[in-house]
Visitor: 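This is the structure I have questions about; it appears just below.
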Number of protein chains: 4
Amino acid sequence: MRNKEQTYKQIMETAFTMFSEKGFDQTSLTHIASEIGISKPAIYYYFKSKDELIKTLFEMIVAEIQSITFIDLEELDAKNVKSILYQVGESAILRQEKDLKFNQLFNHYVLLSTRDDYYSEQLTKIQKDFLNIFENILTKAVHLNAIKEENIVIKSQLLALVFDNITTFILTDIKLDYKKIWREAVDSVLKGIEHDEQ
Amino acid sequence: MRNKEQTYKQIMETAFTMFSEKGFDQTSLTHIASEIGISKPAIYYYFKSKDELIKTLFEMIVAEIQSITFIDLEELDAKNVKSILYQVGESAILRQEKDLKFNQLFNHYVLLSTRDDYYSEQLTKIQKDFLNIFENILTKAVHLNAIKEENIVIKSQLLALVFDNITTFILTDIKLDYKKIWREAVDSVLKGIEHDEQ
Amino acid sequence: MRNKEQTYKQIMETAFTMFSEKGFDQTSLTHIASEIGISKPAIYYYFKSKDELIKTLFEMIVAEIQSITFIDLEELDAKNVKSILYQVGESAILRQEKDLKFNQLFNHYVLLSTRDDYYSEQLTKIQKDFLNIFENILTKAVHLNAIKEENIVIKSQLLALVFDNITTFILTDIKLDYKKIWREAVDSVLKGIEHDEQ
Amino acid sequence: MRNKEQTYKQIMETAFTMFSEKGFDQTSLTHIASEIGISKPAIYYYFKSKDELIKTLFEMIVAEIQSITFIDLEELDAKNVKSILYQVGESAILRQEKDLKFNQLFNHYVLLSTRDDYYSEQLTKIQKDFLNIFENILTKAVHLNAIKEENIVIKSQLLALVFDNITTFILTDIKLDYKKIWREAVDSVLKGIEHDEQ
DNA sequence: GATGAATGAGAATTCATTCAT
DNA sequence: GATGAATGAATTCTCATTCAT
């Protein structure tokens, strides 16, 4: 009741958890408020509407995704292409296994995007950025002479699809060795286009 | 509209369309009934509750998925492993591009599964079946001496993930050459483990 | 619970009374429903929204006003101009004294019209019709040679204003002899323009 | 904005405008506060409650009405009865055309009076004062031998009703020549009871 | 087979009001 | 003098569900 920042944070965190677990429609502000132990109108003090809360949370998530998937291409050199690629996937797998809620919530936004243009546009942007990451890595690798310029657009899209779906599969009850699968993906895709010294 | 079977069918079809477009929570029985031009209680004549309608629809979808993804391993021989794999993906891509609603609705069930054990269990089964398809193909290919026995479990899981995510990506606004991506996936995965005569 | 027409009528009547007594904002659907002894959603079965209930009631009132203020000009002849005018006012005064709620509710619509174009337009129409009634009577009287053609537009507007405000004043606690006032208005206005035989 | 008096004035002025435009129920303290640029609780520093703000504003209006409708009977003499009466109406019409908000707000209090005895009593008093003004003028005119003592109570009430409704009609979209109507009213009412020299 | 009429529960939102600071 | 933070109560409205007919 005293600390503004704290209440705000609590709302965001509780919303994050509840939305990720039950979706937007099944999570009422009454639920959120009573979970935190505040009154419903208190939420309205911080957010103009439920939609605004959902949107604010989305922006937070987007920012986080962008910071997480950021890769410094400067680090890339002829020798470490593969290990960088391994690492990108492995760190995502690790994070996802630790914070299942994150991707879960993200999926709710994906469905929300089918009925709301704002989310639809934003998500398309994110997905494109995401595809670009792998294309940029492979393109740079070509310039570095680490791999041959062969079908690299398609190959990078393939990697992106695998990467993306691994994080989704982790949400299911199916326990696979996702790290190995990712390494296999990287290996398979690069096999044959790596230069000899690699 | 008088005919029992017909009304039932109409309810199922309308539910299919509306659920896929707006999700379960955003589709009320009132909407469905008025879309068909029947009264709301009429739905209760055919389905005990909204949940039961959702479940019945799910069972229909599951049956359809199983019939669609069925592959007759008998057809497989040493020479056509790759083309069979190509075909599996391509026919799925074709179908999906024609009937976006199907996968869209499936995604709603995926999210529903996070808060309902019944769906969670069913979906896990489906995903496992799905993983098995590719494992069975590759295993058979090994027996047929078409490919070497090298990491084939992981490889088949990799193919399954790509296959699965292609159908999901088709739903987004991002237009990629999914057929090429799938061929690349098959090629990459089999590269190096194919026997010479292949 | 059984009779559709009855429930509808009850809602309309209760809304009529409560709206006229407390205005639209201070009358909640909960109030109306509990006054009738039905549930709140029952009202929604008959009216799409509170606004629609308000509008339906308005249309009823407008129809009633039109039927009440209708005057058959055919009845008018050179001898009865004054007595017809007396009668118009007296019957309105009588009705208003019997059904205070009616004009009270009408006043709420007048205020509503300041924030809703629909009501604003409708009310302007009604007021104009109303002004026309007196103009038509006086014009006809001129044709009948009952009165001289002298300032009759202004005179008819004057009568309309008096007529209108009498019904409003009746709502207040001030008891005046409204019939006498109305007769005085008619007499004053016609004085000097009546033809000799009148 | 720092100054106590000034903030008080701003609240009163903003309340005046907003209440007159949207009525009491549709004007929230939040609206008023944000319009002024102060916090909602600040209003509570000056007024115990919303009701008190409404009441204070009412008292201000009543005072203004009384000052506006005050007529110095001393000015009246046998020659200027009509011109004084013309003037009373014309200045009211002029003022009203300039400040529509005033009468609009007054109307809100009229409706409020139907559910609140305080306003009901106050308004009755005002209306009576108002009726008295015209009665006093005509009575004085009789004493001055300007007009005959004939039905002057009813006549003065008639004038009051016309006067009152003119200011109300100005609020509607109907543009009439209110000055002419008023003159017609005065002329009609006095016609026949004026003394010859008049 | 189907519906008209109705309901209880619960949703988002707004408001006047309070109080520690 | 003024406000940030919060609340209880109320509002409109929607929904899944029921049941007599």
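Remember, it's a predicted structure, so these values are computed and weren't measured experimentally. A note on names: the letters A, B, ... follow the listed sequences, proteins ahead of strands, and every chain is numbered from 1.
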Visitor: C/Ser28 side chain N/O closer than 4.0 Å to the phosphate oxygens (OP1, OP2) of F/dT11?
Guide: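 Result: yes.
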Visitor: On DNA chain E, check which nucleotide each of B/Tyr45 and C/Ile43 is closest to and give me the residue with the more 5' one.
Guide: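 Nearest-nucleotide comparison on DNA chain E picks B/Tyr45.
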Visitor: C/Asp25 CG to F/dT11 C1': how many Å, rounded?
Guide: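 Taking atom C1' of F/dT11 as the reference, CG of C/Asp25 is at 11 Å.
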Visitor: To the nearest Å, give me how far apart OH (D/Tyr44) and P (E/dA20) are.
Guide: 17 Å
Visitor: At their closest point, which heavy atom of A/Lys50 faces which heavy atom of A/Phe24, and how far apart are they?
Guide: NZ-O, 2.8 Å
Visitor: Return the 5'-most residue of the pair D/Pro41, B/Leu29 with respect to DNA chain F, ranking by each residue's nearest nucleotide.
Guide: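 By nearest-heavy-atom nucleotide position, the 5'-most residue is D/Pro41.
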Visitor: Does a side-chain heavy-atom distance below 4.5 Å link B/Ile32 with B/Phe19?
Guide: yes
Visitor: D/Phe24 CZ to E/dC15 P: how many Å, rounded?
Guide: 16 Å
Visitor: Give the rounded distance in Å between these two atoms: NZ of D/Lys50 and P of E/dC15.
Guide: 8 Å
Visitor: Of all the choices, F/dG4, F/dT7, E/dA16, which nucleotide is nearest to the side chain of A/Ala42 once you look at every atom?
Guide: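 Among F/dG4, F/dT7, E/dA16, the one nearest the side chain of A/Ala42 is F/dT7.
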Visitor: Do you know which two heavy atoms are closest between A/Ser28 and A/His31, and how far apart they sit?
Guide: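 For A/Ser28 and A/His31, the tightest heavy-atom pair comes out as OG-ND1, 2.8 Å.
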Visitor: Starting from C1' on E/dA6, measure out to CD on C/Gln6 and report it in whole angstrom.
Guide: 15 Å
Visitor: Nearest whole Å is fine: how far is E/dA5 P from C/Ile36 CD1?
Guide: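 Distance check: C/Ile36 CD1 to E/dA5 P gives 15 Å.
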Visitor: Hey, can you pull the donor-acceptor pairs under 3.5 Å for the side chains in residues 54-63 of chain C, sequence neighbours left out?
Guide:
residue: C/Thr56; atom: OG1; partner: C/Glu52; partner atom: O; Å: 2.7
residue: C/Glu59; atom: OE2; partner: C/Tyr118; partner atom: OH; Å: 3.2

Visitor: According to a 3.5 Å limit on both distances, what stems of 3 or more consecutive Watson-Crick or G-U pairs are formed with DNA chain F?
Guide: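 So far as stems of 3 or more pairs are concerned, DNA chain F shows E:2-21 with F:2-21.
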Visitor: Do A/Leu53 and A/Tyr46 make a side-chain contact, defined as non-hydrogen atoms from C-beta onward lying under 4.5 Å apart?
Guide: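 Contact flag for A/Leu53/A/Tyr46 side chains = no.
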Visitor: Closer than 3.5 angstrom, by distance alone: can the side chain of C/Thr14 be matched with the main-chain N or O of C/Ile36 as a donor-acceptor pair?
Guide: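 The answer is no, because no donor-acceptor pair under 3.5 Å joins these two groups.
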Visitor: May I ask you to verify if any side-chain N or O of C/Tyr46 is less than 4.0 angstrom from the OP1 or OP2 atom of E/dA6?
Guide: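 For E/dA6, OP1 or OP2 has a side-chain N or O of C/Tyr46 closer than 4.0 Å.
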Visitor: Do the side chains of B/Ile38 and B/Ile11 get nearer than 4.5 Å, heavy atoms only?
Guide: yes
Visitor: When you measure from the side chain of D/Thr7, which nucleotide among E/dT17, F/dA2, E/dG1 comes out closest?
Guide: F/dA2
Visitor: Check the distance between E/dC15's P and D/Phe47's CZ and give it to me in whole angstrom.
Guide: 19 Å
Visitor: Among the nucleotides F/dA2, F/dT17, F/dA6, which one has an atom lying closest to any side-chain atom of B/Lys40?
Guide: F/dT17
Visitor: Reading DNA chain E from 5' onward, which residue's closest nucleotide shows up sooner: D/Lys48 or A/Asp51?
Guide: A/Asp51
Visitor: Which comes earlier along DNA chain F counting from the 5' end, the contact point of A/Gly37 or that of C/Thr27, where each point is its nearest nucleotide?
Guide: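 Result: A/Gly37.
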Visitor: Could you tell me the separation between the CD atom of C/Gln26 and the C1' atom of E/dA16, rounded to a whole number of Å?
Guide: 12 Å
